Novice: 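Handing you a structure now.
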Amino acid sequence: MLIDVSGVSINSKPRKDGRFQGYVLTEEGRPKYFYGKSREEVAEKISDYLKGVQRTKRRINGKQAVTFGAFYEKWLELYKKPNLKPSSIVNIVDTLKPALAKFADVQITKITTDQVQALLLSIKSPNSRNKCKVNLNQIFTKALKSGLIKVNPCDNLELKKHQDNHVDGLTPEQQEIFLRETVNSKYSLLFRLVLATGVRIGEALALYKTDVDFDKCTLAVTKDVVFIRGERIEQPPKTRAAFRVLPLPQSLCDELKAAKADLLFPFTYNSVRLAMQKIADKLGFNVTAHVLRHTFSDRLEEAGIPPKVKQYLMGHAKLDITQNKYTEAQSHYVNAFSDSVRGCFDTFFDTENS
């Protein structure tokens with residue numbers, strides 16, 4: 001063993017992928033893994049990690065004032081990494097970069113509401129600003145409950161509430177144009193599957209032939225895929241509601257059965273995004289994988305599918321999301337009911353027969 005410390009282990013032989021693996025048992029008894037091209041590289045990474053943990057402990061438990069950066073490290077290691085997916089951790093780290101650049105060496109007790117307000121206002125993207133605010137509030141809330149600070153500086157912030165950009169599904173005419181335009185695309189089957197099932201793009205890219213029941217013509221959604229620093233990582237869906245079995249049109253089922261590879265869609269997020277952007281530019285209307293998911297929801301509404309069934313098919317934990325965020329009463333759908341709406345009051349306004 002290159003590091004003679006309890007709770008540390010480094011494999012003597014490389015894994016199948018050629019990398020060496022080691023781990024450190026955290027205070028919660030969970031292994032934290034490290035990888036490298038050699039045992040020495042793994043040992044160096046573990047040594048750096050242990051030094052960082054010791055620095056954090058000294059800062060928090062000793063007489064030295066606790067900095068925001070030190071408490072952030074503890075918060076991330078003890079409360080976030082053990083409970084969240086790798087993609088969520090990367091998102092937290094990315095959104096807090098402006099805060100660390102500003103407050104890393106500042107005593108956490110001296111950070112004021114005005115300073116946090118100014119920091120957040122300096123972040124131009126409303127979405128990034130909101131995510132940074134949410135994570136900062138969690139850090140300061142934990143510090144407050146731990147007795148390190150007396151007031152949460154996020155409590156009195158005044159920021160314009162961020163509204164997600166409104167996404168419209170395709171109209172039936174746009175849907176037909178899109179399908180004609182992409183019929184010869186290598187992504188055609190992927191596009192049609194998303195449109196016909198409403199699966200999230202990450203769920204679609206995680207699909208294997210073994211997820212399809214060709215006898216019943218159904219598709220089982222049991223995982224999601226993310227790409228972190230170029231690495232493809234499969235993980236469980238975002239919520240329990242995302243685990244679902246979806247009906248497939250017979251034609252799509254037959255095409256999936258004919259696929260040669262077990263991984264049905266060996267693409268990346270970025271390649272799909274770029275392909276759809278190119279199509280959107282050519283067609284002159286917005287179309288993304290998310291737009292196709294909205295389109296699926298709109299077609300369900302127009303077909304009279306009950307709300308609870310729609311919620312299940314969309315994989316939403318709450319019905320409110322299905323009905324208020326993903327369902328749009330498009331003009332052609334409203335117009336189809338115009339005569340019925342007028343008829344509701346015809347007898348009241350018919351003065352000739354009064």
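In this chain, residues are counted from 1 in sequence order. Everything quoted here is computed from the prediction, not taken from an experiment.
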Novice: Is a side-chain donor or acceptor of Thr295 paired with a backbone partner of Gly169 at a separation under 3.5 angstrom?
Specialist: no
Novice: With the threshold set at 4.0 Å, does a side-chain nitrogen-carboxylate oxygen contact exist between Glu203 and Lys223?
Specialist: no
Novice: Which value, rounded to the nearest 0.5 Å, describes the distance between Thr197 atom OG1 and Met314 atom CE?
Specialist: 10.0 Å
Novice: Can you check whether Gln21 reaches Pro14 side chain to side chain, under 4.5 Å on heavy atoms?
Specialist: no
Novice: Count I, L, V, M, F, W, Y as connected when their side-chain heavy atoms are under 4.5 Å apart, and connections chain through other members. Are Phe285 and Leu274 then in the same cluster?
Specialist: no
Novice: Is any side-chain heavy atom of Cys132 less than 4.5 Å from a side-chain heavy atom of Leu96?
Specialist: yes
Novice: Can you see which heavy atom on Gly69 is nearest to which on Leu100, and at what distance?
Specialist: CA-CD2, 4.3 Å
Novice: Determine the minimum heavy-atom distance between Ala204 and Leu190, stating which atoms define it.
Specialist: CB-CD1, 3.7 Å
Novice: With the 4.5 Å side-chain cut-off for hydrophobic clustering, are Val134 and Leu76 part of the same group?
Specialist: no
Novice: Can a donor-acceptor pair be found, under 3.5 Å and without considering hydrogens, that links the side chain of Arg200 to the backbone of Arg293?
Specialist: no
Novice: Please list all pairs meeting side-chain hydrogen bond (donor to acceptor under 3.5 Å, both in side chains) that have one or both residues in residues 137-153, counting only residues at least two apart or in different chains.
Specialist: Lys80-Gln138, Asn137-Asn152, Thr141-Asn152
Novice: What's the spacing between Phe71 CZ and Thr109 OG1 if we round to 0.5 Å?
Specialist: 12.5 Å
Novice: Return the minimal non-hydrogen interatomic distance between Leu313 and Pro247, and the atom names on each side.
Specialist: CD2-CD, 3.9 Å
Novice: Looking only at heavy atoms, what is the nearest atom pair of Lys13 and Phe20, with distance?
Specialist: C-CE2, 3.7 Å
Novice: Quick check on the hydrophobic clustering: are Leu179 and Tyr187 connected, directly or via other members, by side-chain heavy-atom contacts under 4.5 Å?
Specialist: yes
Novice: Check whether any side-chain N or O of Asp213 sits under 3.5 Å from a backbone N or O of Lys216 as a donor-acceptor pair, and report yes or no.
Specialist: yes
Novice: Is a side-chain donor or acceptor of Arg244 paired with a backbone partner of Ala242 at a separation under 3.5 angstrom?
Specialist: yes
Novice: In the single-linkage hydrophobic clustering (I, L, V, M, F, W, Y; side-chain heavy atoms under 4.5 Å), do Val151 and Leu157 co-cluster?
Specialist: no
Novice: Quick one: CD1 on Ile177 to OG1 on Thr171, what's the gap to the nearest 0.5 Å?
Specialist: 7.0 Å
Novice: Give the C-alpha distance, both sets of side-chain angles, the deciding distance and a yes or no for side chain to side chain contact (heavy atoms under 4.5 Å, CB included) between Val106 and Thr67.
Specialist: CA-CA 5 Å; Val106 178; Thr67 64; over 6 Å; no
Novice: Just wondering, do Ile46 and Leu50 contact through their side chains at under 4.5 Å, heavy atoms?
Specialist: yes
Novice: Is any NZ, NE, NH1 or NH2 atom of the basic residue among Lys81 and Glu77 found under 4.0 Å from an Asp or Glu carboxylate oxygen of the other?
Specialist: yes
Novice: Any donor and acceptor pair, going by atom type alone, linking the side chain of Ser271 with main-chain N or O of Phe267 inside 3.5 Å?
Specialist: no
Novice: Enter the distance from Lys32:NZ to Arg30:CZ here, rounded to the nearest 0.5 Å.
Specialist: 12.5 Å
Novice: Where do Leu170 and Asn286 land on the side chain to side chain contact (heavy atoms under 4.5 Å, CB included) test, with the steps shown first?
Specialist: CA-CA 8 Å; Leu170 301 179; Asn286 184 40; over 6 Å; no
Novice: If every non-hydrogen atom of Pro236 is compared with every non-hydrogen atom of Phe243, which pair is closest and at what distance?
Specialist: CB-CZ, 4.3 Å
Novice: Who pairs with Tyr23 by ring-ring contact (aromatic ring centres under 6.0 Å, His included), at least two apart in sequence or on another chain?
Specialist: none
Novice: Would you indicate whether Asn184, at its atom CG, is surrounded by more than 12 heavy atoms from other residues, nucleotides or ligands within a distance under 6.0 Å?
Specialist: no
Novice: How close do Tyr269 and Gly202 get, heavy atom to heavy atom, and via which atoms?
Specialist: OH-CA, 3.2 Å
Novice: Between Arg129 (side chain) and Ile123 (backbone), is there a donor-acceptor pair under 3.5 Å?
Specialist: yes
Novice: Please examine the side chains of Leu193 and Leu264, heavy atoms only from C-beta on, and report whether any two atoms are closer than 4.5 Å.
Specialist: no
Novice: Under 4.5 Å between side-chain heavy atoms, hopping through other hydrophobics if needed: is there a path connecting Val66 to Tyr79?
Specialist: yes
Novice: Could you walk me through whether Phe191 and Phe178 satisfy the ring-ring contact (aromatic ring centres under 6.0 Å, His included) test, starting with their C-alpha distance in whole Å, then the side-chain angles of each, then the deciding distance to 0.1 Å, before giving a yes or no?
Specialist: CA-CA 10 Å; Phe191 294 159; Phe178 170 75; 5.5 Å; yes
Novice: For Tyr208, check ring-ring contact (aromatic ring centres under 6.0 Å, His included) against everything at least two apart and list the hits.
Specialist: none
Novice: Do any pairs count as a side-chain hydrogen bond (donor to acceptor under 3.5 Å, both in side chains) and have a residue in residues 83-93, sequence neighbours left out, and if so which ones?
Specialist: Ser87-Gln235
Novice: Would you confirm whether Lys133, through its side chain, and Leu120, through its main-chain N or O, come within 3.5 Å as a donor-acceptor pair?
Specialist: no
Novice: Is any side-chain heavy atom of Thr218 less than 4.5 Å from a side-chain heavy atom of Val212?
Specialist: no
Novice: Is Glu234 salt-bridged to Arg232, going by a charged N under 4.0 Å from an acidic O?
Specialist: yes
Novice: Does some side-chain heavy atom of Leu195 sit less than 4.5 Å from a side-chain heavy atom of Gln175?
Specialist: yes
Novice: Are the side chains of His290 and Ile201 in touch, meaning some heavy atoms are under 4.5 Å apart?
Specialist: no
Novice: Does Ile149 form a side chain to side chain contact (heavy atoms under 4.5 Å, CB included) with Ile108? I'd like the steps, not just the answer.
Specialist: CA-CA 7 Å; Ile149 58 177; Ile108 197 169; 4.0 Å; yes
Novice: Counting heavy atoms not belonging to Arg240, are there more than 12 under 6.0 Å from its CZ?
Specialist: no
Novice: Does Tyr72 have any ring-ring contact (aromatic ring centres under 6.0 Å, His included) partners at least two apart in sequence or in another chain, and if so, which?
Specialist: none
Novice: Would you check if Lys282 and Glu181 make a side-chain contact, meaning some heavy-atom pair closer than 4.5 Å?
Specialist: yes
Novice: Which residues satisfy the ring-ring contact (aromatic ring centres under 6.0 Å, His included) test with Phe34, sequence neighbours excluded?
Specialist: Tyr49
Novice: Show your working on side chain to side chain contact (heavy atoms under 4.5 Å, CB included) between Ile111 and Phe140 and close with a plain yes or no.
Specialist: CA-CA 10 Å; Ile111 298 175; Phe140 287 121; 4.0 Å; yes
Novice: Looking at OG of Ser185 and CD1 of Ile279, how far apart are the two atoms once the value is rounded to the nearest 0.5 Å?
Specialist: 5.5 Å
Novice: Measuring from Ile92:CD1 to Leu84:CG, what's the distance to the nearest 0.5 Å?
Specialist: 5.0 Å
Novice: Give a yes or no answer on whether the side chain of Lys209 reaches the backbone of Ala261 with a donor-acceptor pair at less than 3.5 Å.
Specialist: no
Novice: Does either side chain, that of Ser188 or that of Arg192, offer a donor lying less than 3.5 Å from an acceptor on the other one?
Specialist: yes
Novice: Output yes when a side-chain donor or acceptor of Gln115 lies under 3.5 Å from a complementary backbone atom of Thr112, and no otherwise.
Specialist: yes
Novice: Could you label the plane-to-plane angle of the Phe68 and Phe103 rings as parallel, tilted or perpendicular, counting under 30° as parallel and over 60° as perpendicular?
Specialist: perpendicular
Novice: Side chains of Asn135 and Thr95: any donor to acceptor distance under 3.5 Å?
Specialist: yes
